[in-house]
Amino acid sequence: MSMVQYTNLTDPRPGLEVVRGWNDVEQVVLRSPRGDYARVSLLGGQVVSWRNDHGEELLFTSSKAIFKPPKAMRGGISICFPQFGNCGTLERHGFARNRIWALDEEHRPLNHNDNSSKASVDLILKPSEDDLKCWPRCFEFRLRVSLSKDGDLSLVSRVRNVNGKPFSFSFAYHTYLSVSDISEVRIEGLETLDYLDNLIQRERFTEQGDAITFESEVDRVYVSSPNVIAVLDHEKKRTFVTRKEGLPDVVVWNPWEKKSKTMVDFGDGEYKQMLCVDAAAAERPITLKPGEEWTGKLELSQVPSTNCSGHLDQPGII
Ligand code: TA6
C-alpha cells in the first residue's frame, strides 16, 4: 500500500512526497502500488500530472504553458471557483486556481467507506484579505485529491460557509484530457441533453447526435447531465470514464485551429491532442447559508475501450 499523508510544509512527516515544481512551488506526489502516479501543485490545488502504470500521461499540458499567476497553467485539472466564466470584477474562472493552497492539517475522514487503499492529499484554501476585498464571503475550501490502487484519480471539494451571510458560487473541475487525435474522439452520455453554446451567447440547444464528435471549435455547457460519461479515444483504444457528484453540468471545450492561434500559452496544433471535459456547476449557482457545506466530486478512470461497455450504467458513486 502506498499512502501519502498530509502534513504542513515546515514540519513534513514521513510518507509525504513533496517535490519543488515550477516557480519553486511545492507539488505533492501520489503513487499507487502498481505504479500509477499523480502530482498536485499547491499553486491552485491543480492536478498537473496523472499517469497510468505504463507511464503514459493522461492529462494534457501545453508545451507553451505559462507557470505563473494570474492565469492557471494551461493543462491538468484546475479548480474554477468561485466562478466558472468571466463575470464582474472577479478573475476569469475565479481566483482559487491562482492562489497558493496549504496542506490541510485538520484531516477529517469524508465518510466511513473512505479507506486507506488510496494515496491522498488534503489541501485547504481560505480567503486572503485581498480575496475578501474582491469577494467578501467567509469560506473554507477543502480539496482532497486521491489516487486509488487501480490508478483512478478522484477529487473531492468541500466548500463551507464559515460565517456571515449566504453566498453563491459556480464551480468547475477544468479537466484537460490527453487524446491521440481529437477527430478520433467521441463522448457518450451527453446525447439528447440541452446545452448552452458559449460560442453563441449561451443560446440553448438540444443535442441531436448519437454521440458527440469533433470537427470544429466547441464550447458548451451540457446542463443536468448524467453522473457518468465516457470519452472514447478510438486511436488509443482508451476510454476515460468520468463520474461526478454534486455537479449537475458538463462543460466540453476544444478551441480548434483558429482560436488556438490566438492563445499565447497554447501551441497552434495542440488542439488535436486535448479535450476539456469539465464536471461543473455552471448553469445555476450553488448557494450556501451560514454553516452549510457543499461537496462536489469527480472521479476519473481510464480503461481499454474494449472493457468499457456497461460503465455508463453504473451509478456515479465515488
Ligand atoms: O471550458 C470552457 C472555457 O470557459 C472556454 O470558454 C475556454 O476559454 C476555456 O474555458 C479556457 O479558459 P482559460 O481561462 O483557462 O483560458
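Counting starts at 1 for both ligands and their atoms, following the listed order. The figures here come from the full heavy-atom set of this structure, side chains too, leaving out hydrogens, waters and symmetry mates.
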Between D219 and ligand 1, does any nitrogen or oxygen pair lie at a separation below 3.5 Å?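 Such a contact does occur with ligand 1.
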
Between ligand 1 and K259, is the shortest N or O to N or O distance under 3.5 Å?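 In this structure, K259 places no N or O atom under 3.5 Å from an N or O of ligand 1.
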
Please state which part of M73 comes within less than 4.0 Å of ligand 1, counting heavy atoms only: side chain, backbone, both or neither.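 For M73, there is no contact with ligand 1 at all, from either part.
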
Is ligand 1 under 4.0 Å from a heavy atom in the side chain of N198, in the backbone, in both, or in neither?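 No part of N198 is near ligand 1 at this cut-off.
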
Tell me which pairs pass ring pair (Phe, Tyr, Trp, His ring centres under 6.0 Å) where either residue lies in residues 143-166, with sequence neighbours left out.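 Matches after skipping sequence neighbours: none remain.
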
So which protein heavy atom does atom 10 (O) of ligand 1 come closest to, and at what separation?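 Its nearest protein heavy-atom neighbour is H93 NE2, 3.1 Å.
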
May I ask you to identify the nearest protein heavy atom to atom 7 (C) of ligand 1, giving residue, atom name and distance to one decimal place in Å?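 Checked against all protein heavy atoms, atom 7 (C) of ligand 1 sits closest to W253 CE2, 3.3 Å.
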
Give the numbers and elements of all ligand 1 atoms closer than 4.0 Å to a heavy atom of D278.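 Those qualifying, in numeric order: 1 (O).
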
For ligand 1, which atoms sit closer than 4.0 Å to a heavy atom of V251?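 Listed by number with element, the hits are 1 (O), 2 (C).
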
Option set R97, R92, R74, criterion heavy-atom distance to atom 8 (O) of ligand 1, minimum: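 Ranked by closest heavy atom to atom 8 (O) of ligand 1, first place is R92.
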
What distance do L143 atom CG and Y173 atom OH have between them, rounded to the nearest 0.5 Å?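 So the CG of L143 and the OH of Y173 are separated by 6.0 Å.
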
Option among L147, L153, V121 that satisfies the side chain to side chain contact (heavy atoms under 4.5 Å, CB included) test with V40: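 Considering L147, L153, V121, a side chain to side chain contact (heavy atoms under 4.5 Å, CB included) with V40 is found only for V121.
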
Apply the test side chain to side chain donor-acceptor pair (under 3.5 Å) to residues Y176 and S62: give CA-CA distance (whole Å), side-chain angles for both, the deciding distance (0.1 Å), then the verdict. CA-CA 10 Å; Y176 286 78; S62 171; over 6 Å; no

When you measure from the centre of the six-membered ring of Y195, is the NZ or CZ of R220 closer than 6.0 Å and no more than 45° off the axis?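 Flagged: R220 positioned over aromatic ring of Y195.
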
With distance as the sole test, does S183 use its side chain to make a donor-acceptor pair with the main-chain N or O of D181 at under 3.5 Å?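 Judged by distance alone, no pair lies under 3.5 Å.
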
Is it true that atom CG of D210 has more than 12 heavy atoms of other residues, nucleotides or ligands lying nearer than 6.0 Å?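 No - once you tally the heavy atoms of other residues, nucleotides and ligands closer than 6.0 Å, there are 12 at most.
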
Check whether any heavy atom of H174 sits under 4.0 Å from an atom of ligand 1.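 Per 4.0 Å heavy-atom rule, H174 contacts ligand 1.
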
